Amino acid sequence: MANGRDRRREPVFDTPAADAGALDFSLSPEDRAGGNMGRRRSSRGSGDGGSPRRSPPSRGRKRKQGRSFLGKLIYAGVVLGLWGVIAVGGVVAYYASQLPPIDQLTVPKRPPNIAILASDGTLLANRGETGGRTVTLKELPPYLPRAFVAIEDRRFYDHFGIDPIGIARAVYRNLSNSGGLQGGSTLTQQLAKNLFLTQERTASRKIQEAILALWLERNYTKDQILELYLNRVYFGAGAYGVEAAAQRYYGKSARSVSLSEAAVLAGLVQSPSRLAPNRNPERAQARAELVIAAMNELGFITPGMTKTALGDPAEAVRPKGAGSVNYAADYVMDVLDDFVGTIESDIVVTTTLEPKMQAAAELVLVEELNAKGEKFNVSQGAFVAMQPDGALKALVGGRNYEASQFNRATVARRQPGSAFKPFVYLAAMERGYTPNMVMEDAPVAYKGWAPKNYDRKYRGAITLRDSLALSLNTIAVKLNMEVGPKAVVQTAQRLGISSPLQANGSLALGTSEVTPLELVSAYAAFANGGIGVIPYVIEQVKTTDGQVIYRRQHTGGLGRVIDPSAVAMMNEMMHNVFVIGTGQKAQIPGWPMAGKTGTTDDYKDAWFVGFTGNLVAGVWLGNDDGTLTKRVTGGNLPTEVWRNFMAVALKDKQPVPLPGLDRLRPPSDVPVAGMENDPRYASADARESAWIPPQPQRRSREKNFLERLFGL
């Protein structure tokens, strides 16, 4: 027993090598789940009486490998897709990081527009970066915004800022070359680009554009986005916004454009330079017809409206004249800062300018230069007209604004020639001289300087009245030296001349340069009875919603600068310029007038400044480069321009007497020209009560010397 226990063998798992091949741990069909069914299937498939036939192992391995390859493909696709999403997200995040923080993003303010109106409320010009004011959708005819939707983004009210369908359609049409090249940007994307981005065409900009479009759609309604778009999009020719474009191309507000005009404007934004209706009307019209067809297809307009619009194409307006109103508008902008400071929003500026006078001033100046400029070698001119209180009614700064924006009326300083002489004579009148005093028209010399008269002739004894009318240089120089050049300078400055004046002997001949605006302003004191004026052009400034920012307070100007008796004498003498002097061509029947011509010695500059009791106007003619004219004098071309303007400006108005002439009786029994029917001259009693100037007097050289030396 014990030996039996000793021979006991413990179980081991070692298998003899000889038996290793006989061991089979595989499960039999009976051992498998559903073994009997598996056995039956095997039996049916057996060819040796029921013994199971196994499929070749290789076929099972192939099926297993096939499933693994397909799975790998799916897995790889999922992984690549995830990485693509991550990559796109990273790119979007990167370019989004280049934008301002979304929570701080705001729509930038539109640059303010300044609408400049005439005294009657008509629009003269727009100033500012945009060229027109902001408009709301409710102000516009319904077909105008619909035209933009139809041609630029027909699914505008359906997409979320980015339109995949629109992009796909654009790609298809571009690839198939049907309908011309098209872009996939929505109106929202275009607005985003205009508001926040540059115009460069890069993938990065398109990504940022899409991000910003989504932001706009989240923060603004569709109508708000469309309104922003219509006020920001560029239409060419410096016009930003539909109002500026309507004014630029059709001379009217966007509120008044027709359907055919609206179609042109909507089509224009695709290529403002190529489709501008004033330069390429055929292309503009072809594009407009596409817009109208799209509107009809979408049901935005009726077939009848479609037929009418196609049968009546829009025609761009051509600028009339030389565009001189822009000189006046530039001057308004020059002085506007003095009244309103920084401009934050659209404003409306009402001016004193009168369209009828502005147009007349431009017309007469341009026509004179066109007709006689080449013959007389004169190429430029300037014109200023104002009321005697300083209110500007017309201002022309040159022959053609498009050719030159330099404002010769307000900026250019030129020698006034004899048009400066009234200041010399006024200084003399204020020191005891009178129009009837006699001086000797004879050769004169001062330290080697010997000024001569225009015609090189001398008339001997002559009254101051006639010497001014005939514009005698010798008498003017003598008066200047007798009263003193400094006194003449002070007199001119008192009346409003602000340019530097040289207190010397030649001052009397107008050798110190002045601008047309300040010379006309100084003459206004003669026209209003002796009150100095500061020229003004702005009456009122208000916001587009009616809030008044500035309103002119009518004051006394510079106050009295000329004694009434001196005004009377000066006006009587300057009226004589029209009667016997160099201004005879400027007479207008029925109107008492006064003024003075001016010509420089070398015929470089020619002037005429004259006035009635209700209007002062001045003309300058010359060349920008100082080239000499061919004997243009104040008495020929400038006088003709002045007279032609005044004939229009004074038409249908009642004559107004000159200040002081109601106190004066003319030297003869004939009333002052144009005053024949004035009641002041209707009776002998009226004549007897009128003030009569003293009779001609001769002045001795000794008396002149004593007065200058001792102030006697």
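The figures here come from the full heavy-atom set of this structure, side chains too, leaving out hydrogens, waters and symmetry mates. Keep in mind that this is a model prediction, so the values were computed, not measured.
- Applying the 6.0 Å contact sphere to NZ of Lys356 captures more than 12 heavy atoms from other residues, nucleotides or ligands.
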Requested in this report: Before giving the answer on salt bridge (Lys or Arg N to Asp or Glu O under 4.0 Å), spell out for Glu261 and Arg248 the whole-Å C-alpha distance, their side-chain angles and the decisive distance to 0.1 Å.
Outcome: CA-CA 12 Å; Glu261 292 167 343; Arg248 175 67 180 84; over 6 Å; no
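- From Met386, atom CE reaches atom CG of Leu615 across 9.5 Å, with rounding to the nearest 0.5 Å.
- Distance check: Ile347 CD1 to Arg127 CZ gives 13.0 Å after rounding to the nearest 0.5 Å.
- A 4.5 Å side-chain heavy-atom check between Thr186 and Phe156 finds every atom pair outside the cut-off.
- Using cut-offs of 30° and 60° for the angle between ring planes, the Phe148 and Tyr229 rings count as perpendicular.
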Report task. Could you walk me through whether Arg110 and Glu129 pass the side-chain contact (heavy atoms from CB on, under 4.5 Å) test, one step at a time? Result -> CA-CA 9 Å; Arg110 184 177 187 266; Glu129 296 180 23; over 6 Å; no
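- The two residues Ala246 and Ser253 have their closest heavy-atom pair at CB-C, 3.9 Å.
- Taking a 6.0 Å sphere around CD of Glu374, one finds it holds 12 or fewer heavy atoms contributed by other residues, nucleotides or ligands.
- Here the CG atom belonging to Leu621 is positioned 6.0 Å from the CG atom belonging to Leu369, to the nearest 0.5 angstrom.
- Note that CD1 of Ile116 is 12.5 Å distant from OH of Tyr331, once rounded to the nearest 0.5 Å.
- Counted by atom type alone, Arg399 and Gln380 present zero donor-acceptor pairs between their side chains at under 3.5 Å.
- Residues Leu124 and Leu353 are in side-chain contact: their nearest non-hydrogen atoms beyond the backbone lie under 4.5 Å apart.
- Within a 6.0 Å sphere centred on NZ of Lys222, heavy atoms belonging to other residues, nucleotides or ligands number more than 12.
- Residues Glu518 and Ser498 bring a donor and an acceptor atom of their side chains to less than 3.5 Å of each other.
- Around atom CD of Glu315, no more than 12 heavy atoms belonging to other residues, nucleotides or ligands sit under 6.0 Å away.
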Report task. Evaluate the criterion salt bridge (Lys or Arg N to Asp or Glu O under 4.0 Å) for residue pair Asp624 and Arg408; output intermediate values, then yes/no. Result -> CA-CA 9 Å; Asp624 287 338; Arg408 297 155 189 83; 2.8 Å; yes
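- Closest approach of Arg413 to Ser499, counting heavy atoms only: NE-OG, 2.7 Å.
- A donor-acceptor pair under 3.5 Å is absent between the side-chain atoms of Thr122 and the main chain of Ala118, judged by distance alone.
- The minimum heavy-atom distance linking Pro313 with Ser260 is given by the pair C-OG, 4.2 Å.
- Taking 4.5 Å as the limit, every side-chain heavy atom of Arg287 sits out of range of all side-chain heavy atoms of Arg283.
- Listed for the Thr543 side chain is a donor-acceptor partner under 3.5 Å among the backbone atoms of Gln547.
- Aromatic ring orientation, Tyr234 versus Tyr240: tilted (interplanar angle from 30° to 60°).
- Once rounded to the nearest 0.5 Å, the distance linking CG of Leu144 with OG of Ser256 reads 11.0 Å.
- Evaluated for a side chain to side chain contact (heavy atoms under 4.5 Å, CB included) with Asn644, the options Val364, Leu363, Leu365 yield exactly one hit, Val364.
- Looking only at distances, no side-chain donor or acceptor of Thr351 sits under 3.5 Å from a matching main-chain atom of Ile538.
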Query raised in the report: What's the verdict on side-chain contact (heavy atoms from CB on, under 4.5 Å) for Thr306 and Met295, showing C-alpha distance, side-chain angles and the deciding distance?
Result: CA-CA 8 Å; Thr306 301; Met295 295 178 73; over 6 Å; no
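- Counting heavy atoms from C-beta outward, Ile114 and Val332 have side chains that stay 4.5 Å or more apart.
- Phe300 has its ring centre no less than 6.0 Å from the ring centre of Tyr143.
- Remark: the Tyr401 side chain and the Asn407 side chain contain no N/O donor-acceptor pair separated by less than 3.5 Å.
- Arg154 is listed as a side-chain neighbour of Glu297, based on a closest heavy-atom distance under 4.5 Å.
- In terms of modelled atom types and a separation under 3.5 Å, the side chain of Thr352 and the main chain of Leu392 share a donor-acceptor contact.
- Looking at heavy atoms from C-beta onward, Leu137 lies in side-chain contact with Leu230 at the 4.5 angstrom threshold.
- Using modelled atom types and a 3.5 Å distance limit, the side chains of Asp223 and Thr221 yield no donor-acceptor pair.
- Not one N or O on the side chain of Thr350 forms a donor-acceptor pair closer than 3.5 Å with the backbone of Glu539.
- Residues Pro145 and Leu140 share a closest heavy-atom pair of CD-CB, 4.4 Å.
- Side-chain atoms of Asn296 do not come within 3.5 Å of backbone N or O of Ile292 as any donor-acceptor pair.
- Applying the side chain to side chain donor-acceptor pair (under 3.5 Å) test between Asn113 and each of Asn231, Thr134, Asn126, Thr544 identifies Asn126 as the sole match.
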Requested in this report: Please report the C-alpha distance between Val242 and Val135 in whole Å, then the side-chain angles of each, then the deciding distance to 0.1 Å, and finally whether the side-chain contact (heavy atoms from CB on, under 4.5 Å) criterion is met.
Outcome: CA-CA 8 Å; Val242 69; Val135 291; 3.8 Å; yes
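- The shortest distance between side-chain heavy atoms of Thr515 and Thr410 does not fall below 4.5 Å.
- Glu227 is not listed as a side-chain neighbour of Tyr220, based on a closest heavy-atom distance of 4.5 Å or more.
- In summary, the side chains of His159 and Asp153 do present a donor paired with an acceptor at a separation below 3.5 Å, with no hydrogens or angles considered.
- Shortest non-hydrogen contact noted between Gln189 and Ala213 is CG-CB, 3.7 Å.
- The backbone N or O of Glu354 sits nowhere less than 3.5 Å from a side-chain atom of Gln358 that would complete a donor-acceptor pair.
- Closest approach of Pro112 and Ile343 over heavy atoms only: CG-O, 3.5 Å.
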Query raised in the report: Yes or no on side-chain contact (heavy atoms from CB on, under 4.5 Å) for Arg133 and Val348, after CA distance, side-chain angles and deciding distance?
Result: CA-CA 9 Å; Arg133 74 175 184 87; Val348 179; over 6 Å; no
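- Of the inter-residue distances, the one linking Ser345 atom OG with Ile549 atom CD1 reads 6.0 Å to the nearest 0.5 angstrom.
- Counting only distance, with no hydrogens or angles, the side chain of Tyr249 and the backbone of Phe235 share a donor-acceptor pair below 3.5 Å.
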